[in-house]
Every structure is written in C-alpha cells, then in structure tokens.
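Working notes, structure below.
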2 protein chains.
Amino acid sequence: MMTQKNIKPTDSEMEILQLLWQKGPSSVREIHDELSKTKDAGYTTTLKLMQIMHEKGLVSRDASSKVHIYTAALTQQQAQQQLVTKMIDHMFNGSAARLVMHTIGQKHTSKEEIALIKAYLEELEKDKK
Amino acid sequence: MMTQKNIKPTDSEMEILQLLWQKGPSSVREIHDELSKTKDAGYTTTLKLMQIMHEKGLVSRDASSKVHIYTAALTQQQAQQQLVTKMIDHMFNGSAARLVMHTIGQKHTSKEEIALIKAYLEELEKDKK
DNA sequence: ATTTATTTACGAAAGTCTTCGTACATTTGA
DNA sequence: TCAAATGTACGAAGACTTTCGTAAATAAAT
C-alpha cells in the first residue's frame with residue numbers, strides 16, 4: 001500500500017489547518033469566525049475551502065449531525081516536518097546546520113531563545129553519552 | 001518611499017531563482033538546459049516564466065544584445081530570510097528556538113551537523129562577552 | 001545572399017485557487 | 001405551524017500559474 005499522496009496545502013488551506021490544530025475539531029462557523037478576524041472573506045468561501053480540503057484528504061469530517069465537524073488529517077508535526085525538510089533541501093543545500101545557523105544569526109533571535117537552544121543541545125549530548 | 005512590494009515567488013519561479021543564484025547571470029537557454037535535467041518543459045515555457053518574473057521584478061535583465069541575460073533581483077539571503085521568518089511566525093509560534101529544536105530533533109541531523117551548530121553557538125557567546 | 005538556427009514576443013489554452021451567489025435542507029423559535 | 005436563521009451543496013466567475021504554438025526578429029552558416 002502506498003503512503004498517502006503527498007498533498008501540499010495551499011496558503012489558505014494552511015491558515016485553516018493552523019486553526020484546526022489550535023482549536024481542535026471545529027465547525028465551519030467556528031473556523032470562519034476566527035478567520036474573519038484577520039481576513040475578509042464570506043462564509044461560503046470558508047465552507048468551500050474546507051469542503052475541498054476534505055476532498056483532498058487534508059481534513060476528515062463528522063457529518064452525522066447537521067453541523068459538520070472538521071478535523072485536521074495531518075498532525076502539526078507532520079506538516080512542519082514536510083516544510084522544514086523541503087526548505088532544507090531547496091534553500092540550504094541539504095544542511096540542517098545551515099538552516100539553524102541562518103535562523104540563529106538573525107538579530108531578532110533573543111538571548112533567551114539562544115539559551116534555550118543551548119540547553120537543548122546539552123540535553124542531546126547527555127543522552128548520547 | 002515604500003519598500004519593494006513583497007512579491008512571493010511561486011515554486012517554479014523559485015527553481016529558476018535557485019539556478020540564477022547558483023550560476024550567476026544567465027540566458028534563458030542556460031537556465032532551461034539546466035532545468036530540463038530535472039523537469040520536463042519546453043523552451044518557451046521557461047522563457048515565458050522568466051519574462052513574467054521580469055515583469056514582477058523578481059529578476060532584472062540586460063537586453064542590450066540579442067540574447068538577454070537575466071539576474072536574480074533578490075539575494076538568496078533575502079529570500080531565505082523571508083521564508084524562514086514566515087515559517088517561524090506561522091508554524092512555530094514566533095519562536096526561532098522552536099524551529100531550531102524541531103530541526104535538530106530529526107534523526108537525519110548528523111552528529112557532525114550538531115557539532116557545527118554547537119561550535120557556532122560558542123562563537124556567538126564569545127562575541128557577546 | 002539566402003537558408004538555417006536561435007531567440008524574443010505574444011496570445012491563448014488548460015489547470016488550479018479563491019471567491020461568492022443561489023438553491024435546497026434542517027433547525028430554531030415565535 | 002410556519003417563518004427566520006443557519007447550514008451544506010453546487011456551479012461558475014475571476015485571478016493566477018503553467019504550458020506551448022506561432023510569428024517575427026536577429027544571428028550564423030553555407
């Protein structure tokens with residue numbers, strides 16, 4: 001059996017996935033209300049997007065009651081994984097280290113954040129020993 | 001004066017930008033030959049793409065001779081920056097540390113890569129002291 | 001000089017994404 | 001009960017992307 005086709009969410013679909021991860025299984029209404037805070041689109045637009053996402057297998061839904069409830073079909077982990085991997089391959093020549101160093105090397109990475117990373121690295125080392 | 005409109009390259013445009021960064025200023029022919037190694041599209045398709053990229057301001061070109069020479073209008077740095085920033089904002093809740101830890105936490109990040117990152121962090125610390 | 005090859009310009013088809021209007025079904029509540 | 005509100009389904013328009021065929025200009029070759 002082949003692994004689920006690698007469907008790439010569009011930006012709009014991504015916004016909806018974000019909300020589904022954040023709020024858990026939700027109705028179109030709930031997603032739409034949240035979405036309209038930052039975006040200007042009609043209700044049926046959101047509905048249609050979510051229906052298409054369902055066709056694509058990006059979300060599953062429970063249609064047992066009138067108000068259908070949608071659930072993300074990917075974990076946030078999986079989606080992040082795909083994006084990061086693609087980014088490393090295409091933009092950073094396959095080197096995770098380059099991505100990391102590029103990211104850290106930005107001025108808006110705070111001292112606290114760097115400390116976090118360092119702590120994490122040290123944890124890693126401890127485990128390996 | 002407002003900063004150059006934030007045009008987002010499509011995936012196809014990104015492929016061409018990659019090649020322009022890699023090979024420097026190039027003709028359509030050069031880009032197309034390289035592109036066809038991994039992709040199957042006609043010459044005029046590549047041409048059209050690059051013309052559109054020119055309209056969008058993603059590339060500049062020298063049309064003084066018959067064979068136009070195209071140059072990326074963004075540095076690779078700038079493009080990486082945009083992508084990484086967007087990713088951090090949208091997928092990692094604004095925390096660069098989370099992106100970094102997620103990236104390192106993948107099994108295909110080798111010991112050598114991790115060592116590189118550690119060395120980099122230590123350099124950073126030295127500079128700050 | 002004239003044919004051949006290479007290149008740009010242009011337009012249009014096919015595909016995808018986003019948007020919304022309209023129709024129909026179901027629930028709510030007066 | 002039956003009108004109003006809310007929800008889903010569907011189709012189609014408009015925008016954008018990708019693709020390529022054809023025509024016209026320029027350069028190269030014989």
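From a predicted model like this one, the values you see are computed outputs, not experimental measurements. Computed from heavy atoms alone, side chains included, the values below leave out hydrogens, waters and symmetry copies. By convention in this document, chain letters (A, B, ...) are assigned in the order of the sequence lines, proteins followed by strands, and residues within each chain are numbered from 1.
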* Option passing side chain to side chain contact (heavy atoms under 4.5 Å, CB included) with B:Leu99 (candidates A:Val100, A:Ile117, A:Ile104, A:Thr103) ->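 That would be A:Thr103; it is the only one of A:Val100, A:Ile117, A:Ile104, A:Thr103 passing the side chain to side chain contact (heavy atoms under 4.5 Å, CB included) with B:Leu99.
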* To do: Examine C:dT18: is either OP1 or OP2 under 4.0 Å from a nitrogen or oxygen in the side chain of A:Thr45? Give yes or no.
  =>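 No, because none of the side-chain N or O atoms of A:Thr45 sits under 4.0 Å from OP1 or OP2 of C:dT18.
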* Ignoring backbone atoms, establish whether A:Lys39 has a side-chain N or O less than 4.0 Å from OP1 or OP2 of C:dT19. =>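 Yes, within the criterion.
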* To do: Could you name each residue pair satisfying salt bridge (charged side-chain N to carboxylate O under 4.0 Å, His left out) that touches residues 80-102 of chain B, not counting sequence neighbours?
  =>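 Passing the test, one end in residues 80-102 of chain B: A:Asp11-B:Lys86.
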* Please give, in whole Å, the distance from C:dT8 P to B:His54 NE2? ->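 Rounded to whole Å, this separation is 12 Å.
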* To do: Measure from CG on B:Asp40 to P on D:dC20 and round the result to the nearest Å.
  =>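 The distance from CG of B:Asp40 to P of D:dC20 comes to 7 Å, rounded to the nearest Å.
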* Asked: Among all residues two or more places apart in sequence or in another chain, which pass the side chain to side chain donor-acceptor pair (under 3.5 Å) test with A:Glu15?
  ->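 Side chain to side chain donor-acceptor pair (under 3.5 Å) list for A:Glu15, sorted by chain: A:Lys39.
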* To do: State which residues pass side chain to side chain contact (heavy atoms under 4.5 Å, CB included) with A:Glu55; sequence neighbours excluded, sorted by chain then number.
  =>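 Partners of A:Glu55 under the side chain to side chain contact (heavy atoms under 4.5 Å, CB included) test: none.
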* To do: Would you name the heavy atoms of A:Ser60 and A:Ala73 that are closest together and state the gap between them?
  =>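 Smallest heavy-atom distance, with atoms named: N-CB, 4.4 Å.
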* Going by atom types only, do B:Ser64 and B:Asp62 share a side-chain donor-acceptor pair under 3.5 Å? ->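 Side-chain D/A pair, B:Ser64 to B:Asp62: present.
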* If you round to the nearest 0.5 Å, how far is CG of B:Leu35 from CG of B:Asp40? ->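 The CG atom of B:Leu35 is 10.5 Å from CG of B:Asp40, to the nearest 0.5 Å.
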Distances under 3.5 Å between protein N/O atoms and the N/O atoms of nucleotides 7-14 of chain D, please, pair by pair.
| from | atom 1 | to | atom 2 | distance (Å) |
| --- | --- | --- | --- | --- |
| D:dG7 | OP2 | A:Arg29 | NE | 2.8 |
| D:dG7 | OP2 | A:Arg29 | NH2 | 2.5 |
| D:dG7 | O4' | A:Lys66 | NZ | 3.3 |
| D:dT8 | OP1 | A:His68 | N | 3.1 |
| D:dT8 | OP2 | A:Tyr43 | OH | 2.8 |
| D:dA9 | OP2 | A:Gln51 | NE2 | 2.9 |
| D:dA9 | OP2 | A:Arg61 | NH1 | 3.2 |
| D:dG11 | N7 | A:Lys48 | NZ | 3.3 |
| D:dG11 | O6 | A:Lys48 | NZ | 3.4 |

Validation: residues 45-52 of chain B side-chain donor-acceptor distances under 3.5 Å, sequence neighbours left out:
| from | atom 1 | to | atom 2 | distance (Å) |
| --- | --- | --- | --- | --- |
| B:Thr46 | OG1 | B:His32 | ND1 | 2.8 |

* DNA chain C: 5'-proximal contact among A:Thr46 and A:Ser65 (nearest heavy atom) ->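 Looking at the nearest nucleotide for each, A:Thr46 comes out on the 5' side.
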* Identify, residue by residue, the members of residues 12-22 of chain A with a heavy atom below 4.0 Å from DNA chain D, and return them in order of residue number, or none. =>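 When residues 12-22 of chain A is checked for heavy atoms under 4.0 Å from DNA chain D, there are no hits whatsoever.
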